[in-house]
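To start, the structure under review is shown below, and the notes come after it.
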Amino acid sequence: MSYDFDLFVIGAGSGGVRCARVAASHGARVAVAESRHWGGTCVNLGCVPKKLMVQASDYGDWVDDSHGFGWNTQRGHNDWGALIAAKDREIARLNGIYVSMLEKADVALFTGHATIEDAHTLRIDPSPLAPHEAPRRVTAARIVIAVGSTPTLPKLPGVEYAISSDQAFHLEARPARVCLVGGGYIGVEFAGIFRGLGSSVDLVYRQNLPLRGFDADLRHALHDAIDLRGIRQHVAASPTAIEKQADGSFVVNLDNGTRIETDCVFFATGRHPKITGLGLTQLGVAMEENGRIIVDDGSETTVPGIYAIGDVTNRLNLTPVAIAEGHNLADRLFGKAPPRQWCYATTPKAVFFTPTLSSVGLTEAEAAKEGDVDVYVSRFRPMRNTLSGRAQRTLMKLVVDQASQVVVGAHMLGDDAPEIMQGLAVAVTAKLKKTDWDRTIGIHPTAAEEFVTMRTRTRVTPRSAG
Ligand code: NDP
């Protein structure tokens, strides 16, 4: 059989673009279809605009802190319109870069919504990005589904008044009051953004601490940092209904009886795979109840020749993981050298609150399931905060498997935590021992040096029964 393409990638997000470019570099005839944004969620409605907005939200603190260093600057106000326009210009530039990268790699671009008609045939229909394109039909030897995920909002009365992160990046004006629901990555990050830009913020989540799954000490430190930033936390609470008021504002009713008056209700309650309209059910591609496409270790779905990578497989929904999966798949299908292997378990994570937090490897509780654990914790006031007078403290923590003395987890809440953690992730992935960390000289004066100077064990956590 001869097909139009060796590989057809649906979705030009981080994973899809990497897969297409690498496959093309191996000599494959590759096409990509994109219905909405070149660059996908990360570039358009995720990591990139989020980080720009986190940076924007930090400037007020920098002005306040400068007073302790002899400056007489005044805080002023953030111009939301100017920020959004500047952010959109940068995103448009990145969209162009994505398109030109694909074109330079000789990847054929299809703007439109792709539906898989059978294991080798796709139909491309007009989409919002290209409403006037005529429908087309193409064939491919192999198909990769890289369509990502979309926000999930729970069903409750008045939820139609709520926004998700998709809308938050394009609000016409910054709401004076924001009520965020969800204590995960997006809830915490946007609480920090809006608070830093000057909004009054309520953060509602159903656990006792934010960021379920992260290390307990880090979660406690984040809880305190959220308080310190002047964000009202409503813990162990869930919304039951949202009411719209006559003046256009809203009331969020919680299951503990609290009523929160606000100008914007923002749900950050998780994301689900974006599988609608792809034709997967007719094709027999197996999915879990939540829409997650089931794949094997080689990213192949239950239909031979059809693959899935990134958030749509709901393995570890992080951009660099989607990129690694896309790269690995392209190498395996078309490359000559064995594909790069990587370790899901030591994928570093970061949450861009102010201050940032970042982790790699096991939490103390996870490590204790394997054996006795040596725990090293350091809490200190970072140097900048001595003169600025800011009360925020930094937390650093190492989790060491007692029997082997391998450092199995590193955790930090403090300025530049993700920048520091990237290097530490190499050490944790390489399974270096605490003695290797100890014989490494620090860089002085930095906060990071604390990770190689923690000599006194804080506690031993015995192996847990669980
Ligand atoms: P998360 O899964 O991180 O958090 C979802 C939050 O919503 C949790 O607090 C969860 O509570 C809560 N929740 C879920 N359903 C309900 C409900 N019905 N009622 C009340 N609360 C509910 O999802 P996000 O939306 O924050 O982010 C989606 C994903 O995007 C992340 O998991 C991450 O993979 C990725 N991401 C990564 C970022 C980064 O790397 N910095 C930044 C942003 C997103 P509970 O814990 O009790 O389940």
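From a predicted model like this one, the values you see are computed outputs, not experimental measurements. Order of appearance sets the numbers: ligands from 1, and atoms from 1 within every ligand.
- A donor-acceptor contact closer than 3.5 angstrom links the side chains of D247 and S249.
- A heavy-atom separation below 4.0 Å is found between K50 and ligand 1.
- The N/O atoms of N317, backbone and side chain alike, include one that comes under 3.5 Å of an N/O atom in ligand 1.
- Nearest residue to atom 5 (C) of ligand 1 from P151, P154, A236, G270 is G270 (criterion: closest heavy atom).
- Atom 22 (C) of ligand 1 has as its closest protein heavy atom T269 CG2, 3.5 Å.
- Of the protein's heavy atoms, I186 CG1, 3.5 Å lies nearest to atom 44 (C) of ligand 1.
- Scanning the protein for heavy atoms near atom 9 (O) of ligand 1, the closest one is G183 N, 2.8 Å.
- For an aromatic pair to be called close, the ring centres must be under 6.0 Å apart, and Y185 with F352 fails this.
- Near Q207, meaning under 4.0 Å from any of its heavy atoms, are these atoms of ligand 1: 45 (P), 46 (O), 47 (O).
- In this structure, the side chain of R381 does not engage the main chain of R393 through any donor-acceptor pair within 3.5 Å.
- Considering backbone and side-chain atoms alike, V351 places every N or O at 3.5 Å or more from each N or O of ligand 1.
- Geometrically, ligand 1 and P239 share no nitrogen or oxygen pair separated by less than 3.5 Å.
- Among the candidates D202, V204, V181, T240, the single residue satisfying the side-chain contact (heavy atoms from CB on, under 4.5 Å) test with L254 is V204.
- Scanning all protein heavy atoms for the shortest distance to atom 46 (O) of ligand 1 gives R212 NE, 2.8 Å.
- Protein heavy atom closest to atom 3 (O) of ligand 1, with residue, atom name and distance, is Y185 N, 3.2 Å.
- Ion pairing between a basic and an acidic side chain is recognised when a charged N comes within 4.0 Å of a carboxylate O; E189 and K51 show no such pairing.
- For Y205, no heavy-atom contact with ligand 1 is shorter than 4.0 Å.
- At least one N/O-N/O distance between R206 and ligand 1 falls below 3.5 Å.
- Close contacts of ligand 1 with E189, meaning ligand atoms under 4.0 Å from a residue heavy atom, involve 41 (N), 42 (C), 43 (C).
- In terms of protein heavy-atom proximity, atom 30 (O) of ligand 1 is closest to R271 CD, 3.8 Å.
- T440 places a side-chain N or O within 3.5 Å of a backbone atom of D436 that can act as its donor or acceptor partner.
- No side-chain N or O of T363 forms a donor-acceptor pair with one of D215 less than 3.5 Å apart.
- Residue L318 touches ligand 1 through its side chain alone, judged by heavy-atom distances below 4.0 Å.
- For the 3.5 Å distance criterion, the side chains of S200 and R232 qualify, holding a donor opposite an acceptor.
- Between T354 and the choices D58, D415, D61, the side chain to side chain donor-acceptor pair (under 3.5 Å) rule is met once, by D58.
- At the shortest separation from atom 1 (P) of ligand 1 among protein heavy atoms lies G184 CA, 4.0 Å.
- We find that D224 and R229 are not joined by a salt bridge, their nearest charged nitrogen and carboxylate oxygen being 4.0 Å or further apart.
- Aromatic ring orientation, F266 versus F190: tilted (interplanar angle from 30° to 60°).
- In this structure, of G187, G213, C42, A268, the residue bringing a heavy atom nearest to atom 6 (C) of ligand 1 is A268.
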